[in-house]
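Down below is the structure, laid out as structure tokens.
Predicted, not measured: the structure shown is a model, and the values here were computed from it.
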Amino acid sequence: MSTSSSMRVLILIVAMGAVLELAPQAEAARAFFVFGDSLVDSGNNNYLATTARADSPPYGIDFPTHRPTGRFSNGLNLPDIISEEIGSERVLPYLSPELTGQNLLIGANFASAGIGILNDTGIQFITVIRIFRQFQLFQQYQQRLTALVGAPQATRLVNGALYLMTLGGNDFVNNYFLAPISQRSRQYSVPEFSRYLITEFRKILLNLYELGARRVLVTGTGPLGCVPSELARSQNGECDPELQRAAAIFNPQLVQMVQGLNTQLGSDVFVTANAFDMKMDFLSDPQKFGFVTSKVACCGQGPYNGMGQCNPTSNLCPNRNLYAFWDAFHPTEKAARLIVKQIMTGSSKYMNPMNLSTIMALDSRT
């Protein structure tokens, strides 16, 4: 064999070795499944007859394509940024026609803007994917995955995946406090309603466990009374005290419920993220985090840009990185990145019983 032929063979062997080394890493990319509301919807509502949608400019102005995607953000949202952190591709909305073949191995996003823990939350948005339906679609997804890779590998992927569940805010904003006297507020006081939500949420989380989830991030509600929508209704631009009180009642009960569930299951399946304090950090001191304001939305109309919807005729700030809120309810990509930073590395003040970096380290050993 000539020297040049030997060299070509050696290069080929080295190249094949490199491919073999990379293959397990590619296979090991963790699947990611997302359930919940508009804070985590990546575009499912684009495919529905609903008023809860983000499919027109200037939504998506800072997304890589600079086009609206159905995310309630100027750019990436919480699931996108978590995907980055865990080394995964962005998960597609389950209703996307692109979610076929190998894309199924990445996971899927089932979230739908407007939904809540309760089925009567968000009825004003007409067609949305309520949580029980999100779970039905997840079962459908598992059937499709099994057809693609076989039952054993499908089970491994589902059990080994990371899950994100974001629910609760709409049950207060778009149900209990939707009208000055709502049906739910006639039935329950705020503490009673919160206990009712926690009871129903517990059933939802157990259902998700029964469907195969073994690592679930559960976000509490943020400071509901401090969003631009609420500030626009106030006389002096102050946070709505009733909504703040509701969040302050609900969030500790959520942590307690999750701790009880983990004890019952004998494992730290569910991990709570304290979204209230994560957001209050930069709402209380926006300049510390590089924002010029945590009260005025970047996109909207009226006081604090908190009235109406974000659309092509809205006021629009030139630099989204200087604003904590993108629209009347939702954070900018920059604010979402601050939240994910706490999810990844935050102390027990923010993450209970552990942060996502700890989870990833623990799970890499099993």
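- Here the options are N355, D277, T272, D281, the test is side chain to side chain donor-acceptor pair (under 3.5 Å), and the partner is Y350; only D281 passes.
- A donor atom on one side chain and an acceptor atom on the other are not found under 3.5 Å apart for Q153 and R156.
- For S185 (side chain) and I181 (main-chain N/O), no donor-acceptor pair under 3.5 Å exists by modelled atom type.
- Heavy-atom minimum distance, P318 versus R320: O-NH1, 3.2 Å.
- Residue F110 is tested with F132, Y94, F135 for a ring-ring contact (aromatic ring centres under 6.0 Å, His included); the sole match is Y94.
- Donor-acceptor pairing under 3.5 Å is recorded for the side chains of Q136 and R133.
- A donor-acceptor pair under 3.5 Å links the side-chain atoms of D240 to the main chain of L243, judged by distance alone.
- For E84, the CD atom counts as densely surrounded, since its 6.0 Å shell holds more than 12 non-hydrogen atoms of other residues, nucleotides or ligands.
- Counting all heavy atoms, side chain and backbone alike, L217 lies closest to M351 at CD2-CE, 4.1 Å.
- Cluster membership check: M278 does not share its hydrophobic cluster with V255, using side-chain heavy-atom separations under 4.5 Å among Ile, Leu, Val, Met, Phe, Trp and Tyr.
- Between R215 and D363, at least one side-chain nitrogen of the basic residue sits less than 4.0 Å from a carboxylate oxygen of the acidic one, meeting the salt-bridge criterion.
- Side-chain atoms of T121 and N174 form no donor-acceptor pair, as typed in the model, at a separation below 3.5 Å.
- Remark: side-chain polar atoms of T146 are paired, donor with acceptor, to backbone N or O of Q142 under 3.5 angstrom.
- F35 and Y163 have parallel rings, their planes meeting at less than 30° on a 0 to 90° scale where 60° marks the start of perpendicular.
- When all heavy atoms of F289 and D285 are compared, the closest pair comes out as CD1-O, 3.4 Å.
- The closest donor-acceptor contact from the side chain of N77 to the backbone of D41 lies under 3.5 Å.
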Between C317 and C299, is the disulfide (SG to SG under 2.5 Å) condition met? List the steps.
CA-CA 7 Å; C317 68; C299 181; over 6 Å; no

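- Under 3.5 Å, the side chains of T219 and T166 contain a donor-acceptor pair of N or O atoms.
- Across every non-hydrogen atom of A247 and P252, the tightest pair is O-CD, 4.3 Å.
- Of the N and O atoms on the side chains of N74 and Y323, not one donor lies less than 3.5 Å from an acceptor on the other residue.
- Put simply, the side chain of E230 never gets that close to the backbone of V227: no donor and acceptor are under 3.5 Å apart.
- Distance check, rounded to the nearest 0.5 Å: CG of L162 to CD1 of I359 gives 7.0 Å.
- Listed here is the closest heavy atom pair of S357 and T345: OG-CG2, 3.7 Å.
- Judged by distance alone, with hydrogens and angles left aside, the side-chain atoms of N45 form no donor-acceptor pair with the main-chain N or O of V128 at under 3.5 Å.
- Between Y141 and F33, a ring centre-to-centre spacing shorter than 6.0 Å is recorded.
- Residue R144 places its CZ atom among more than 12 non-hydrogen atoms of other residues, nucleotides or ligands, all under 6.0 Å distant.
- Residue I123 places its CD1 atom among 12 or fewer non-hydrogen atoms of other residues, nucleotides or ligands, all under 6.0 Å distant.
- Q134 places a side-chain N or O within 3.5 Å of a backbone atom of G36 that can act as its donor or acceptor partner.
- N274 and N251 share no side-chain donor-acceptor pair at under 3.5 Å.
- Put simply, V34 and L167 are part of the same group of oily side chains (I, L, V, M, F, W, Y) that touch within less than 4.5 Å, one to the next.
- Other residues, nucleotides and ligands place more than 12 heavy atoms under 6.0 Å from the CD atom of Q264.
- In this structure, C239 and C226 have their SG atoms less than 2.5 Å from one another.
- Counting only distance, with no hydrogens or angles, the side chain of D37 and the backbone of G114 share no donor-acceptor pair below 3.5 Å.
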After noting the C-alpha distance and the side-chain angles of F250 and F193, does the key distance pass the ring pair (Phe, Tyr, Trp, His ring centres under 6.0 Å) rule?
CA-CA 9 Å; F250 175 83; F193 184 65; 9.1 Å; no

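- The CE atom of M307 sits 9.0 Å away from the CD atom of Q301 when rounded to the nearest 0.5 Å.
- Screening L231, N305, L283 against K295 for a side-chain contact (heavy atoms from CB on, under 4.5 Å) leaves a single residue, L231.
- A donor and an acceptor atom, one from each side chain of D80 and S83, are nowhere located under 3.5 Å apart.
- Atoms CZ and CG, from R184 and L197 in turn, are 8.5 Å apart once rounded to the nearest 0.5 Å.
- Minimum interatomic distance between L265 and V269 (heavy atoms only, all atoms of both residues): CD1-CG2, 4.1 Å.
- Comment: R71 does not engage E333 in a salt bridge, judged by the lack of any side-chain N to carboxylate O separation of less than 4.0 angstrom.
- Put simply, I86 and M354 are part of the same group of oily side chains (I, L, V, M, F, W, Y) that touch within less than 4.5 Å, one to the next.
- Residue I343 holds its CD1 atom at 4.5 Å from CD1 of I82, rounded to the nearest 0.5 Å.
- Note: F270 and Y209 have tilted aromatic rings, judged against thresholds of 30 and 60 degrees for the angle between ring planes.
- The closest donor-acceptor contact from the side chain of S314 to the backbone of Q309 lies under 3.5 Å.
- Applying the ring-ring contact (aromatic ring centres under 6.0 Å, His included) test between Y196 and each of Y188, F201, Y176 identifies Y188 as the sole match.
- I339 is not connected to W326 by any chain of hydrophobic side-chain contacts under 4.5 Å among Ile, Leu, Val, Met, Phe, Trp and Tyr, and they are in different clusters.
- Around the CD atom of E98, the shell of radius 6.0 Å holds no more than 12 heavy atoms that belong to other residues, nucleotides or ligands.
- Side-chain heavy atoms closer than 4.5 Å link hydrophobic residues (I, L, V, M, F, W, Y) into clusters, and following such links, possibly through other members, connects I198 to I115.
- Ring geometry, H330 versus F72: the interplanar angle falls from 30° to 60°, so the pair is classed tilted.
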Give the C-alpha distance, both sets of side-chain angles, the deciding distance and a yes or no for ring pair (Phe, Tyr, Trp, His ring centres under 6.0 Å) between F282 and F291.
CA-CA 8 Å; F282 56 76; F291 299 120; 5.6 Å; yes

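- Although no hydrogens or angles enter the test, the distance criterion places no donor-acceptor pair under 3.5 Å between the side chain of S182 and the main chain of L178.
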